[in-house]
Q: 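Here you go, one structure.
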Amino acid sequence: MGFYTDVVLPFFYDTSMDSAKINEGRQSILNKITEDEILEIGFGTGINIKFYPENVKKIIGLDVNEGMLKQFNKKKLKNGIEIQSIHQDGEQLPFPEDTICGVTSTYTLCSIKNIESALSEIYRVLKPGGRYYFLEHGLADNLKTQKWQHRLNPIQKVWAGGCNLNRDIKSLINNAGFNFIELNNYYMKRDPKIVGYMYEGIAVK
Ligand SMILES: C[S@@+](CC[C@H](N)C(=O)[O-])C[C@H]1O[C@@H](n2cnc3c(N)ncnc32)[C@H](O)[C@@H]1O
């Protein structure tokens, strides 16, 4: 951790990732949540809060970067929703198995170091039948773009807080034991293809 990670990145994410284009995807997936309590992995600066439907009464927002949570704490909260923010690595979730009703993550699986551990932790803590709602970018659907994603990945990781361009999100979620209820893949309009291939869906334990 340092000034860049603690202060610059939280400010950068909070401004650049709260855009109409990105928020369309947030709204699309978070609107489908049926649970009243949700664990959000990679809570960041809390941009998602405004997109949770009214049935969600409590969010446990977990993030490894305390600077993100500090940036979130400066915000005014939506009434009627309880937020518990936790400074914790998502690779080790502080909950017993089979206890969490629903999990979300948006733009987070790209930057967790040990992604397999984090996904198996999400699977472990979810109740049987519990849902994981995700909106993530990752490995594209064509070889030409994939080649560039692999090439540019080391550079992207340095400047973008450990973000990987080339993770196969579908296989990773599947390998953790989940089944998909829904999975939509698409390119974000006007984004370079290397960062804009999306995985939006719901997986179930
Ligand atoms: C690109 S930001 C996205 C933030 C937020 N989910 C959003 O959509 O605006 C990625 C977030 O994942 C968090 N993160 C990275 N590795 C993590 C880990 N191992 N455990 C928990 N959070 C992590 C980062 O600190 C950061 O807040």
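Atoms within a ligand are numbered from 1 in the order they appear, just like the ligands themselves. For clarity, every value in this text was computed on a predicted model and none was experimentally measured.
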Q: Do D141 and K170 meet the salt-bridge criterion of a basic N to acidic O distance under 4.0 Å?
A: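 Judged by the 4.0 Å cut-off on N to carboxylate O distance, K170 and D141 do not form a salt bridge.
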
Q: Within the supplied structure, the quantity of interest is the number of heavy atoms (other residues, nucleotides, ligands) at a distance under 6.0 Å from K21 NZ; does it exceed 12?
A: yes

Q: Would you mind listing which atoms of ligand 1 come within a distance below 4.0 Å of any non-hydrogen atom of M68?
A: 26 (C), 27 (O)

Q: If you have a sec, work out which protein heavy atom is nearest atom 1 (C) of ligand 1 and how many Å separate them, to one decimal?
A: Y107 O, 3.2 Å

Q: Please find out if less than 6.0 Å separates the ring center of Y199 from that of Y197.
A: yes

Q: I need the minimum non-hydrogen distance between M17 and I22, along with the two atoms involved.
A: O-CG2, 3.7 Å

Q: Number the atoms of ligand 1 from 1 as they appear, then name those within less than 4.0 Å of a heavy atom of I47, with their elements.
A: 9 (O)

Q: What's the shortest heavy-atom distance between I33 and N55, and which atoms?
A: O-ND2, 3.1 Å

Q: For I59, is there any backbone N or O sitting under 3.5 Å from a side-chain donor or acceptor partner on E40?
A: no

Q: If you count every heavy atom of other residues, nucleotides or ligands that lies below 6.0 Å from K32 atom NZ, does the total exceed 12?
A: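 Count over threshold, so yes.
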
Q: How far is atom 23 (C) of ligand 1 from its nearest protein heavy atom, and which residue and atom name does that atom have?
A: V64 CG1, 3.5 Å

Q: Under 4.0 Å from a heavy atom of D89: which atoms of ligand 1 are those, numbered in the order shown and with their elements?
A: 18 (C), 19 (N), 20 (N)

Q: Under 4.0 Å from a heavy atom of G90: give me the atoms of ligand 1 that qualify, with their elements.
A: 18 (C), 19 (N), 20 (N), 21 (C)

Q: Any atoms of ligand 1 less than 4.0 Å from a non-hydrogen atom of G44? List them with their elements.
A: 4 (C), 27 (O)

Q: Hey, is I112 touching ligand 1 through its side chain, its backbone, both or neither, going by heavy atoms under 4.0 Å?
A: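 Both of them.
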
Q: Specify the protein heavy atom at minimum distance from atom 5 (C) of ligand 1: its residue, its atom name, and the distance to 0.1 Å.
A: G42 O, 3.3 Å

Q: Can you tell me how the ring of Y132 sits relative to the ring of F178, calling it parallel under 30°, perpendicular over 60° and tilted otherwise?
A: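 Geometry flag for F178 against Y132: tilted rings.
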
Q: Minimum distance, heavy atoms only, to atom 26 (C) of ligand 1: which one of N23, D63, N65 is it?
A: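 Looking at heavy atoms only, the winner is D63.
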
Q: Just to be sure I read this right, does ligand 1 sit under 4.0 Å from the backbone of R26, its side chain, both, or neither, counting only heavy atoms?
A: side chain

Q: Quick one: look up the protein heavy atom nearest atom 15 (C) of ligand 1 and list residue, atom name and how far away it is.
A: S111 OG, 3.5 Å

Q: Please round to the nearest 0.5 Å and tell me the distance separating atom CG of N179 and atom CG of N174.
A: 7.0 Å

Q: Can you sort out which atoms of ligand 1 are near T106, meaning under 4.0 Å from one of its heavy atoms?
A: 3 (C), 5 (C), 6 (N), 7 (C), 8 (O)

